[in-house]
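Structure first, then comments.
Bear in mind that the values here come from a model prediction, so they are computed numbers and not experimental data. In this chain, numbering begins with 1 at the start of the sequence shown. Only heavy atoms go into these numbers, but all of them, side chains included; no hydrogens, no water, no symmetry mates.
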Amino acid sequence: RKKLIVLFRNYAARLESDPDKSLDLLSSSIGASVDTVTKNISEMVSLGLFPNAFVDTTHNRLVFQNNNTAEIWRPL
């Protein structure tokens with residue numbers, strides 16, 4: 001779980017600068033497969049690390065339902 005928190009901080013920082021929240025772009029920027037990134041992001045979403053978010057598998061991106069990316073910085 002500690003490893004997931006470290007990944008979360010890395011992913012969140014990278015996603016913050018990407019208005020599309022693209023999992024393809026995230027995966028290429030960290031050198032991991034899209035499948036691995038999608039699995040990790042899905043686990044983070046299910047644990048509540050990305051509140052009000054879901055993985056859009058059609059467009060391969062992370063979507064925030066209220067479109068407020070500031071929520072990813074809430075304390076855990």
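- Here the side chains of Leu7 and Met44 are in contact, with some heavy-atom distance below 4.5 Å.
- Taking the six-membered ring for Trp and the full ring otherwise, Phe8 and Phe50 have centroids separated by under 6.0 Å.
- Side-chain contact between Val55 and Thr38: present, with at least one pair of heavy atoms (C-beta onward) separated by less than 4.5 Å.
- When all heavy atoms of Ala53 and Val45 are compared, the pair lying nearest together is O-CG1, 3.2 Å.
- Here the side chains of Leu47 and Leu4 are in contact, with some heavy-atom distance below 4.5 Å.
- A salt bridge links Arg61 with Asp56: at least one charged nitrogen is closer than 4.0 Å to a carboxylate oxygen.
- To the nearest 0.5 Å, atom CG of residue Asn40 and atom CG of residue Leu49 are 11.0 Å apart.
- Between Ile30 and Tyr11 there is a side-chain heavy-atom pair separated by less than 4.5 Å.
- Separating the CG atom in Leu23 from the OG atom in Ser42 is a distance of 8.0 Å, to the nearest 0.5 Å.
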query = Please walk me through it: do Phe54 and Val63 pass side chain to side chain contact (heavy atoms under 4.5 Å, CB included)?
reply = CA-CA 5 Å; Phe54 65 94; Val63 177; 3.6 Å; yes
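- Side chains of Leu26 and Asp18 form no contact here, defined as non-hydrogen atoms less than 4.5 Å apart.
- Using modelled atom types, one side-chain atom of Ser22 and one backbone atom of Leu25 make a donor-acceptor pair closer than 3.5 Å.
- Nearest heavy-atom pair, Ser27 versus Val34, reported as atom, atom and distance to 0.1 Å: OG-CG2, 3.2 Å.
- Nearest heavy-atom pair, Ser17 versus Pro19, reported as atom, atom and distance to 0.1 Å: O-CD, 3.5 Å.
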